[in-house]
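Start at 1 and go down the list; that is how both ligands and their atoms are numbered.
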Amino acid sequence: MLWQLVLTALAIGAAYYRWSRRRLYQLKAEIPGLPNNNPIFGIALKFIGNSEGMTDPAAIELVSKTCLVKDEFTMKYFRTAIGNGSIFAPVNIWHLRRKINSPFYSLKNLNKIVPQFDTQSAIMVDLMKAEVGRGDFSIWDYITTYTFDSVGESAIGTKLNSQGNPDHYLLRAIDACTHMVAKRILQPWLHPNIVYKSLPVYKEFQKHLEGANELLEETIKNKRTEIRENKNAKKTDWSIFLDVIIESSGGMNNGYSDMELREEIMVMMVAGSDTSATGVCFTAVLLSRYPEVQERVHLELLEVFGDSDRAVTAEDLPRLKYLEAVFKESLRLYPPVPIVAREVRSDLVLPSGATLVDGTSVMINIWGAHRNPAYWGHDAEQFRPERFLDGALRHPAQFVPFSYSVRNCIGQTYAMLSAKTALANLLRRYHLLPPAGARADDLQRPLPVKFDIMMKAADGFAVRIEERKTI
Ligand code: HEM
Ligand SMILES: *[C@@H]1O[C@H](CO)[C@@H](O)[C@H](O)[C@H]1NC(C)=O
């Protein structure tokens, strides 16, 4: 899983950066640490020594609002693939791009593309029929091609059909590039350009990158031609990110260059597909293990849809309140992005009184914050979706799967709508069951996840499905 690899690279890169500046750190006051048994930091902790990962919502709030610079040490390698694309861009570049990209992501606009989520996830659910009665299978491939196809369609208005063809060229190229960048970060001897560029892996990297870029450049060229020829119609198609950012950046002549358009499309596809897929997969696995929760979801679906298999619409989604609580509870226990790294650019006093000194690289420990018993109670480790129906949370930064404040995930509403639509279609049609061999008393234990090179469900998101009989 690509995004997890990116994260590990980030964590280890940041740790390496910190280590390389260790004298600086000896000067600084004690920092609130992680719980000792935190599974996420298995390796990273060994690099870091005493950890700076923070789990206190008040500290997370302050750092998220104050520190907008991402970890420069790792960013420069990601930039070899996505240039100045907003997610890893320097703050001055990011700021303008965020403004330009935002109109696409408003709820009002995203409601228009729910029909795309419905059509794409209907394809997914149909393909999955092949697994009925066949025992354990990994649901990951189905979900990740769904998220890739729907993000692709939203980004450039093209049906990529990776669901019918998992070896889709663009999917493979993006995957390969991200893996190669992450590997480079993990292997310091590959850092100097003079070394890296002399190796065969660099040729491979360039091949995939140029392939993906060419495809996107071609799309952008065609779009520009189309807009020129349609001059009189002068309508922006608000369901397509590319069309929206041409318009919101100042139009054909004054707006984003072809390169800027390409970078932002690439960012959307990289940031939007594996993250969502991970969230939906963990939700499916949890539902397979908590039959009473799955039944309650199904009752809610019956209330909204009856036994009809009609399309899911934007109006249906706000009514699926319990399903939303289930998705959030899954993101709480298994946040697809378990840490984010930021840089401190001037001394910062945390609510605890500790000082983060200028030049420190700091990790926000989302995983830890989501299991902090001071905010979630003694049952913090338990899967209990109802906690999201019980009223307001105690602190706005105690639940931060999409990070927090101005540099948070711009796609969080998109992710919610897409996931709820796909889960509604999946759960209306199928009954999810745990792997055949699973022991009953293991089912409600914490899921084994690995974070050695990447975070993943140790069993590759194995479930079984049965078709639901309509009433
Ligand atoms: C469950 C799904 C998702 C999760 C858990 C997630 C998580 C995150 C996190 C944690 C960040 C911020 C990192 C930081 O603070 O340093 C982020 C940034 C971002 N995400 Fe998401 N994301 C998800 C889905 C999406 C989707 C569906 C899209 C687009 C369609 C998207 C687009 C972006 C972009 C463009 C950024 C960079 C924003 C900026 O710097 O202005 N994400 N995401
Ligand atoms: C990012 O933008 C800066 C400033 O405009 C430019 O110097 C740099 O070359 C760009 N980086 C990449 C990788 O395109």
Within 4.0 Å of some non-hydrogen atom of Asn408, the atoms of ligand 1 are 38 (C)

In Arg262, His208, Glu218, the residue satisfying side chain to side chain donor-acceptor pair (under 3.5 Å) with Asn213 is Arg262

| query | Does the pair Glu324/Lys328 count as a salt bridge with the N-to-O cut at 4.0 Å? | reply | yes

Quick note on ligand 1: atoms under 4.0 Å from a heavy atom of Ile410 include exactly 34 (C), 35 (C)

Of Gly272, Pro401, Ala341, the residue with the heavy atom nearest atom 28 (C) of ligand 1 is Gly272

Quiz item: Centres of the Tyr404 and His395 rings: under 6.0 Å?
Solution: no

*Measuring from the heavy atoms of Gln412, does anything fall under 4.0 Å of ligand 1?*
no

Evaluate whether atom NZ of Lys221 has more than 12 neighbouring non-hydrogen atoms of other residues, nucleotides or ligands under 6.0 angstrom away.
-> no

_is_close_aromatic(His370, Tyr334), centroid dist under 6.0 Å_ = no

Open item on the list: Atom NZ of residue position Lys99 - does it have more than 12 heavy atoms of other residues, nucleotides or ligands inside 6.0 Å?
Closed with: no

_Suppose we call two aromatic rings close when their centres sit under 6.0 Å apart. Are Phe117 and Tyr146 close by that rule?_
no

Is the distance between the ring centroids of Phe88 and Tyr77 under 6.0 Å? no

Within-cut-off N or O pair, Arg98 and ligand 1, under 3.5 Å
yes

Quick note on ligand 1: atoms under 4.0 Å from a heavy atom of Ile87 include exactly 18 (C), 19 (C), 36 (C), 37 (C), 40 (O)

Honestly, for Arg97 the part within reach of ligand 1 (heavy atoms, under 4.0 Å) is neither

Rounded to the nearest 0.5 angstrom, the CD1-CD1 distance for Ile100 and Ile246 is 12.0 Å

In ligand 1, the atoms that come under 4.0 Å of a heavy atom of Val337 are 7 (C), 10 (C)

A student checking ligand 1 against Arg342 at a 4.0 Å heavy-atom cut-off should list atoms 14 (C), 15 (O), 16 (O)

Checklist entry - Taking N or O atoms only and a 3.5 Å limit, does Tyr105 qualify as a polar contact for ligand 1? => result no

Just to check, does Gly279 reach to within less than 4.0 Å of ligand 1 when the distance is taken from its heavy atoms? no

Arg79/Glu263 ion pair, N-O < 4.0 Å = no

Note: ligand 1 atoms sitting under 4.0 Å from heavy atoms of Lys70 are 13 (C), 14 (C), 16 (O)

Q. Are the charged groups of Arg387 and Glu329 less than 4.0 angstrom apart, N to O?
A. yes

Checking heavy atoms under 4.0 Å, the part of Val267 that sits near ligand 1 is side chain

The answer for which part of Thr275 has a heavy atom under 4.0 Å from ligand 1 is both

One finds that the ligand 1 atoms under 4.0 Å from a non-hydrogen atom of Ser86 are 40 (O)

Please determine whether a side-chain nitrogen of the Lys or Arg among Lys65 and Glu61 lies less than 4.0 Å from a carboxylate oxygen of the Asp or Glu. yes

Can you check whether Trp94 has an N/O within less than 3.5 Å of an N/O in ligand 1? yes

One pair per line, please: each N/O atom of ligand 2 matched with every protein N/O atom under 3.5 Å away, atom names first, then the distance to 0.1 Å.
from, atom 1, to, atom 2, distance (Å)
ligand 2, 2 (O), Asn84, ND2, 2.2
ligand 2, 11 (N), Asn84, ND2, 3.1

Smallest heavy-atom separation, Tyr196 atom then Leu190 atom, equals CB-O, 3.5 Å

Here the atoms of ligand 1 under 4.0 Å from any heavy atom belonging to Ser276 are 1 (C), 2 (C), 24 (C), 27 (C)

Would Tyr414 count as a polar contact of ligand 1, with the cut-off being nitrogen or oxygen pairs under 3.5 Å?
no

### Query
If we ignore angles and hydrogens, is there a donor and acceptor under 3.5 Å between the side chains of Asn365 and Thr55?
no

Does a side-chain N-to-carboxylate-O contact under 4.0 Å join Asp237 and Lys223?
no

